[in-house]
Amino acid sequence: MEHRIALLGFGVVGQGLAEILRDKSYALRSGLGFDGLIVAISDPMKGSLYHPEGLDLSQALKAVKDTGTLDAYPDTPGLIRGWDSFQTIRESNAETIVEITFTDVKTGQPAIDHCRAAFQCQKNVVMSNKGPVALAYQELSQLAKEKGVRWGYEGTVMSGTPALRMPIVALAGNEISEVKGILNGTTNYILTKMEEGYTYEDALKEAQSLGYAEADPTSDVEGYDAQYKVVILANVVMNTPLKRDQVSCDGISSLTPQDIESARSQGKRWKLIGRARKEGEQVVASVAPEMIPVTDPLAGIMGATNAVTYDCDLAGPITLVGAGAGRKETGFSILIDLINIAREQL
Ligand SMILES: NC(=O)C1=CN([C@@H]2O[C@H](COP(=O)(O)OP(=O)(O)OC[C@H]3O[C@@H](n4cnc5c(N)ncnc54)[C@H](OP(=O)(O)O)[C@@H]3O)[C@@H](O)[C@H]2O)C=CC1
Ligand SMILES: N[C@@H](CC=O)C(=O)O
């Protein structure tokens with residue numbers, strides 16, 4: 001069945017999703033009955049396209065690859081250019097809005113308003129943008145419910161690794177008393193590369209060129225991105241209305257090559273660890289670099305890979321390891337929410 005989609009943002013994740021839909025359309029249609037049709041792309045610098053019968057993804061991807069904008073996308077009858085994000089939400093025929101603009105770690109905007117506008121128009125939203133889930137989870141969940149639409153945000157934590165769906169679905173019935181792990185791909189990549197002898201600056205540049213880092217990488221290196229993810233895990237998986245300012249936060253920007261070497265000489269390794277732990281009625285939460293023994297399973301998580309352990313009352317500790325960032329991986333996180341919306345399982 002055809003599912004009409006509008007993309008807000010056509011950066012790393014938007015292009016990753018478009019490539020997947022271009023390359024796997026036959027398999028998705030024949031294997032799962034999922035026919036994802038991108039009818040609109042809206043991006044302030046790259047340009048905006050809308051066609052009610054769907055866009056040619058190969059042409060859109062080629063235009064951006066060759067020129068950096070959508071201006072070279074061929075004109076066809078019925079094509080509209082230039083709509084901003086709110087016009088795209090309100091006036092396109094998309095059933096689902098995919099919100100993949102940058103994550104603003106202070107206000108969560110304009111993404112929170114994008115969600116409000118979409119829900120008011122009775123459209124579903126799927127996103128990897130962390131702002132709305134970290135800052136407005138209760139309000140937006142309630143609004144989506146009132147309007148009878150769905151809200152998918154699997155990609156907000158650990159990209160395409162099912163860090164939210166796995167505990168909600170497969171661990172249902174457990175009380176999860178602690179979540180703890182490596183929740184940011186960029187910083188884990190930097191720490192891995194610094195152990196190989198890279199400078200901090202070169203390692204960060206490489207993480208940016210691979211599409212792992214936030215538009216403003218301060219969010220990664222100062223721990224804010226992981227802080228958001230701790231908030232999301234607490235709200236979604238532990239059912240606890242934790243707020244961002246309740247999570248103490250320290251990043252990796254002050255770690256020096258000497259610190260890396262000193263850890264190595266003690267049989268340890270630096271990792272940026274995020275955690276939220278229930279203590280009675282309270283939740284104690286933090287993000288901070290920790291020196292952990294190389295024998296600890298988290299010490300073996302390298303590069304942009306992430307890992308999270310859920311401490312469950314029935315199942316015991318369960319650890320999930322997988323990609324924490326990346327073009328294809330995060331594109332997949334959007335796809336799986338879209339598939340589940342089409343199956344009416346989200
Ligand atoms: N990359 C990754 O591995 C992961 C990313 N995420 C999250 O997914 C989201 C997208 O990430 P990514 O694709 O890497 O980011 P990019 O910075 O590559 O792309 C974001 C795009 O959104 C555009 N944009 C900015 N404001 C608006 C707006 N108001 N309306 C429409 N488009 C807008 C930007 O345009 P311009 O550049 O022209 O300003 C840019 O093209 C972010 O929120 C990020 O935190 C989550 C998990 C993993
Ligand atoms: N910048 C983030 C991207 C995914 O959320 C990271 O590096 O983990």
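Here the structure is a predicted model, which is why all the values come from computation and not from measurement. One-based numbering, in listed order, for ligands and for the atoms of each.
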Give me the nearest non-hydrogen protein atom to atom 7 (O) of ligand 2 as residue plus atom name, then the distance to 0.1 Å. T186 OG1, 2.6 Å
Mode of E214 contact toward ligand 1 - side chain, backbone, both, neither (heavy atoms, under 4.0 Å): side chain
Taking E19 first and then R22, would you say they form a salt bridge - that is, a charged N and a carboxylate O separated by under 4.0 Å? no
Check ligand 1 against P110 and write out every atom of the ligand that is under 4.0 Å from a heavy-atom position of the residue. 29 (N)
Heavy-atom contact under 4.0 Å between G324 and ligand 2? yes
Side chain, backbone, both or neither: which part of N306 has a heavy atom under 4.0 Å from ligand 2? neither
N-O pairing of E195 and K193 below 4.0 Å: no
Sidechain N-carboxylate O distance under 4.0 Å for R165, D337: yes
Considering the heavy atoms of K229, write down every atom of ligand 2 situated less than 4.0 Å from one of them. 2 (C), 4 (C), 5 (O), 6 (C), 8 (O)
When you check the gap from the basic side-chain N to the acidic O, do K130 and E214 get nearer than 4.0 Å? yes
Ligand 1 versus A111, non-hydrogen atoms closer than 4.0 Å: side chain, backbone, both, neither? neither
Partners of A325 by side-chain contact (heavy atoms from CB on, under 4.5 Å), sequence neighbours excluded? Y212
Going by ring pair (Phe, Tyr, Trp, His ring centres under 6.0 Å), name the residues that satisfy it together with F86, two or more places apart in sequence or in a different chain. H114
With heavy atoms of G185 as the reference, note each atom of ligand 2 found under 4.0 Å away. 6 (C), 7 (O), 8 (O)
Atoms of ligand 2 close to E214 [distance to a heavy atom under 4.0 angstrom, numbered from 1]: 1 (N), 2 (C), 3 (C)
Any idea which atoms of ligand 1 are less than 4.0 Å away from a heavy-atom of G11? 13 (O), 18 (O), 19 (O), 21 (C), 41 (O)
If you count the atoms of ligand 2 from 1 in the order shown, which ones are under 4.0 Å from a heavy atom of D220? 1 (N), 2 (C), 6 (C), 7 (O)
Within the 4.0 Å heavy-atom cut-off, what N184 brings close to ligand 2 is both
Contact check, K130 vs ligand 2, heavy-atom distance below 4.0 Å: yes
Restricting to heavy atoms, the pick from D43, V13, L17, I89 nearest atom 5 (C) of ligand 1 would be V13
